[in-house]
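In what follows, every chain begins at residue 1, and chains take the letters A, B, ... in the order their sequences are listed. Since this is a predicted model, take the numbers as computed values, not measurements.
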Amino acid sequence: MSITADTVKHVANLARLKLDDQELAPLVQQLSNILGLVEQLKELDTDAVTPMSHALDMPIPERPDLVVPTSTREAMLANAPDTEQGYFRVPKIIE
Amino acid sequence: MTYDPNYETVIGLEVHAQMVTRSKIFCGCSTTFGAEPNQQVCPVCAAFPGVLPVLNRELVSMAIKTGLAIQGSIRTRSEFARKNYFYPDLPAGYQISQFELPIIEHGQLHIVTDDGVRKRIGITRVHMEVDAGKSVHEGIQGASWIDLNRTGTPLLEIVSEPDLRSAREAGEYLKKLRSILRYLQVCDGNMEEGSFRCDANVSVRKLGQTAFGTRTELKNLNSIRNVMRAIEYEAERQIDSLESGGRIVQETRLWDANLNTSRPMRGKEEAHDYRYFPEPDLPPLVIARERIDTIARQLPELPDAKAERYRNDLGLSEYDAGVLTSSREMAMFFEETVNRGAQPKAAANWISVELLGRLNRGGMEIEQSKVTPERLGRLLALMQNNEISGKMAKQIFDIMFESGGDPDAIVQEHGFKQVSDTTAIAAIVEQVLADNPLQVQQYREGKTKVMGFLVGQIMKATQGKANPASVNAILQEKLTG
Amino acid sequence: MDPTQLSLVQAHAWLSSRQISARELTAAFLERIDRLNPRINAYITVDREGAMAAAQQADDRFRNGTATPLTGIPIGVKDLFCTENLTTTCGSKMLARFRPPYESTVTRRLKEAGAVILGKTNMDEFAMGSSNETSFFGPVRNPWDTERIPGGSSGGSAAALAARMAMATIGSDTGGSIRQPAALTGLTGLKPTYGRISRFGMIAFASSLDQAGPMTWTAEDAAIILQVLAGHDPKDSTSIQAEVPDYVNTLVNRLDGLRIGIPEEYFPDSLDGETRHAIDEAQQVLRDLGASMVSVSLPHTRYAIPTYYIIAPAEASSNLARYDGIRFGYRCENPEDLKDLYTRTRSEGFGAEVKRRIMLGTYVLSSGYYDAYYRKAQKVRRLIARDFQDVYTDVDLLLTPTTPGTAFPLGEKKDDPVAMYLSDIFTINVNLAGLPGLSLPCGQDHQGLPIGMQLIAPVLKEERLLAAAHAYQSATPWHQRKPEL
């Protein structure tokens, strides 16, 4: 299975990655190679197999509905590159 | 733009209802509305590296309650999934939601249409998911601010079938759904604060056409009135476009309540590819049958069942039963009034006419009423026992509505006590008859209309406090006897 | 004797008898780090102050009688375990200055037991790599031959321990990232059952595969650390709620009656001859200890790599969406608009291998490809897991090579992702099936480079792995071989 440069660009956009031209060509080749590896799964008949999303079969645990504050606002904002008046600051969002 | 009778509007609604858990869906942060920005945020809800979600049990119980109330089927094994997209108010870059295996499917509720017909509206699915944060744009130069307090608040997304055919039906559906959630006490239903939000999918088609038309999605509808106005606007816009040879573009449109129009959203114009996949951090949600049964036993009586009981057991009209069950608070008010000794029909009448009439004029909710059900019940009991007349009751009610106060105290203070003592009334009747021989003569000659004059004289002599029924009976007896 | 050459068990004896103080022990390791780390690049951050403060507290615990077997033991921790207020980079420019306001459950448990955390060890960026060449902080060098790779992604943890810059280290293993570097540096590396050790605060690569584990000189040391780390954590919904057995007291010297399966698929013609020979010899040692060898088949083995390279990148593409330059981490200079903020931050903050896997994962989840790739891989994952369930009705453990060959030269596979991915061919199945696996040294090639073998147990049978490894180490010298530096 090969993958086109346009598909790679579309996927990059979905992933919010920007690829310059030097990056694009080798990546198209590498992804095609990896997907080539993946092709062999098609040999297997898996129609009757249930997909496995978790390593172990166990039910979700549920916690009681208790308010347990763990962090101060200062701690939560301390790593942020840009904050203002207690908010995280980003370029203008256009709706 | 005009309404075109050759077209039919098809509407499906997606409601996002915030559940009133104390803590967030996957962490211990508080869900209280109105805190300082980013005050109720922790590494888990802010999606810091390496943190993991742990599910709130109460939310699951609330979802089960909701599923039972809309007669949906509850999956004993459901699954959380990630919906991937980038947005600054979505810190993880994915929303934990449910996709292929939602907790509830195949529900329904009933509305009453314009023609007074009961109509079933299908509910495709109900699933649990996290709410996003909020962004602030106004008054900030070249930037937006992000507040993550709301991030991780639990939501139920309730998706209707495209069964609604008018803006009014959409409004009725939302009122009914909100009322059910409030009865269950799982959502406060406050649209302005955003705890009950609605997106509408709208399309139009020619009458008789079976295929659906291309739909648009309407957002930013922060009241039921706006939902209805936006749907009306959109249906007309689509019909006009089709009639002038255009076609409908599938898009998301933002309603502007000030301008009464909608416009396409710019920020999310790119084609979505949410790349849903099962949430690897959360094993499947397995719900034991016994848990569902226990919750079912504790479920409160819901509006439709209540209305039916009011009609069948209490003899109320369809209209009164509908009004009194429209909210949990209203029904509780009515039932408490009856518990305090009021006859159900009288209570219904007084609440829907006297109380709601006055509340509506003042733009008030029933919770704000100074007339409590205990006091109204007592007032109506006084009237039923002939201790006060209906006319007095209304005067007393006015005082209670304006200034509060207990009906017994008001009766005392204003001397509203009705005279029902028959000997006392008989003496006054004798006196009035003696004072008005001419009218007595006329009555006995067949001019029975003078009866009214005589009653008036008696009431005047008793300053209106005589029990009118007693007066009538005694007067009749004296005149004919 | 140089205290940095002690095993964990020996050091505990020295500390208990006051032959050495925790401060002296820690100082000796810090001195060795100063001397050797510039050559090996095993540590990204060395926390001298924190380590000495912890050593002081450890000495107090020995005085007041509250010491545990880990008290005062100097440990290096892979730099993807969040440590409160201590920089946690995950080997990435994206998190080069990230100081978590919380502690991972792994490091919290280590600290509570009194361990001394020396610092944060180097790793492939976001644990994506098999050679430790993708780290933003430069490649790690193998102490056995500094022109060779130490394996990855826990290459810093492996190299730090092999060079005796820690008495034990903690790694994480998504497709072999503990066992493969342990094999290439002559160490014992344990990946426990998925969910045995909490993932809370361990920066996620592929959530359904990631598992933390110890890297040590001996199986006995691994047992002591696992004892502290294993157990349910209410902060991790995938953490197993099962009793934790006594891993140390179940260690044995004989393996009578133990049935060890030898899966034919793990010995392909392409397997390095010296590795094959070393494992043949190990089988004889195990027979001498009382175990019997049984030929078995795991027919879906060859599908593991393609399955893994769909599932792991898919989960990673989603896990790494949170790196957006808004709340923490790298942010590009002067973003023009929101889109620019996202794309430039992520393009500049992530390295090539991370971007490659995000791209792959985004692609296999995207509309139109989900069923063909992701769902298909999840189905094959179940077939792979069933293979193991089937053979465990006949055998108690499986024995395989850990890697197809010994440590390769730096740069050899750097630009060929497929060749790099194939170096995990024997370890990946274990993660897909959620099983515990352990690598231990079983020989050296003609260049003196360590060869590792892998034991694989059924779910939650870590004590069986540790007991077999301990018995083997009681009878062989390989775990005592040290690189000359």
Side-chain angles (χ1 to χ4, degrees), chain B residues 26-28 38 41-56 80-96 99-100 133 135 137 142-148 151 266-285, chain C residues 80-82 88 90 92 94-95 98 100-102 104-105 126 195 198-204 206-210 233-239 311 314-315 317-324 326-329 337-339 341-343 346 361-370 374-375 378:
Chain B
F26 294 123
C27 66
N38 293 307
V41 178
C42 78
V44 175
C45 56
F48 271 49
V51 299
L52 296 168
V54 185
L55 180 62
N56 188 331
F80 285 95
R82 292 187 185 176
K83 178 182 182 180
N84 294 281
Y85 65 95
F86 288 93
Y87 212 66
D89 62 13
L90 183 73
Y94 56 84
Q95 180 189 32
I96 303 182
F99 186 55
E100 287 186 349
S135 32
H137 319 290
S144 293
W145 288 349
I146 308 296
D147 172 12
L148 298 180
T151 308
R266 282 182 290 161
K268 292 186 177 175
E269 68 200 359
E270 281 173 33
H272 288 302
D273 187 346
Y274 290 127
R275 289 162 280 133
Y276 282 100
F277 72 103
E279 165 58 283
D281 287 332
L282 294 168
L285 171 60
Chain C
L80 51 54
F81 293 96
C82 288
T88 301
C90 218
S92 181
M94 191 62 93
L95 291 176
F98 176 56
Y102 48 97
S104 73
T105 298
F126 283 98
S198 170
R199 292 187 296 119
F200 182 81
M202 182 173 90
I203 298 178
S207 310
S208 78
L209 302 162
D210 294 345
D233 179 7
K235 290 177 178 175
D236 175 359
S237 299
T238 59
S239 156
I311 291 174
E315 292 180 6
S317 71
S318 175
N319 284 334
L320 271 60
R322 68 191 57 199
Y323 304 102
D324 56 11
I326 296 176
R327 298 166 318 288
F328 47 78
D337 54 26
L338 200 58
K339 186 89 188 275
L341 168 72
Y342 281 122
T343 51
R346 292 167 58 76
T362 305
Y363 177 72
V364 298
L365 288 176
S366 66
S367 174
Y369 299 102
Y370 182 89
Y374 189 74
R375 198 189 301 275
Q378 284 197 318

Pick from B:Gly142, B:Pro278, B:Ser144: which one has the most heavy-atom pairs with chain C under 4.5 Å? B:Pro278

Could you go step by step and tell me if B:Val51 and C:Phe200 meet the side-chain contact (heavy atoms from CB on, under 4.5 Å) rule? CA-CA 5 Å; B:Val51 299; C:Phe200 182 81; 4.2 Å; yes

For C:Pro100, which atoms come within 4.5 Å of any heavy atom of chain B: side chain, backbone, both, or neither? neither

Can you tell me which portion of C:Ala206 sits under 4.5 Å from chain B's heavy atoms? Options are side chain, backbone, both or neither. neither

At a heavy-atom distance under 4.5 Å, which candidate from C:Ser366, C:Ser208, C:Ser318, C:Ser317 has the highest pair count against chain B? C:Ser318

Counting only non-hydrogen atoms closer than 4.5 Å, does C:Leu320 touch chain B with its backbone (N, CA, C, O), its side chain (CB onward), both, or neither? neither

How are the rings of C:Tyr323 and C:Phe328 set to each other: parallel, tilted or perpendicular (split at 30° and 60°)? perpendicular

Are the side chain of C:Asp236 and the backbone N or O of C:Ser198 linked by a donor-acceptor pair below 3.5 Å? no

Side chain from CB out, backbone as N, CA, C, O: work out which of these in C:Thr88 comes under 4.5 Å of a heavy atom of chain B, or both, or neither. neither

If one checks every heavy atom of B:Tyr274 against chain C at 4.5 Å, the contacting part turns out to be neither

Chain B contact via C:Leu341 - side chain, backbone, both or neither, heavy atoms under 4.5 Å: neither

Please identify, among B:Cys42, B:Pro91, B:Pro43, the residue contributing the most non-hydrogen atom pairs under 4.5 Å to chain C. B:Pro91

Tell me, please, which residues at least two apart from C:Asp324 pass salt bridge (Lys or Arg N to Asp or Glu O under 4.0 Å). C:Arg327

Could I get the full list of ring-ring contact (aromatic ring centres under 6.0 Å, His included) partners for B:Phe26, not counting sequence neighbours? B:Phe80

Charged N to carboxylate O under 4.0 angstrom, C:Arg375 versus B:Glu100? yes

Charged N to carboxylate O below 4.0 Å: is that the case for B:Arg82 and B:Asp281? yes

Is C:Asn319 in contact with chain B via its backbone, its side chain, both, or neither, using a 4.5 Å heavy-atom distance? both

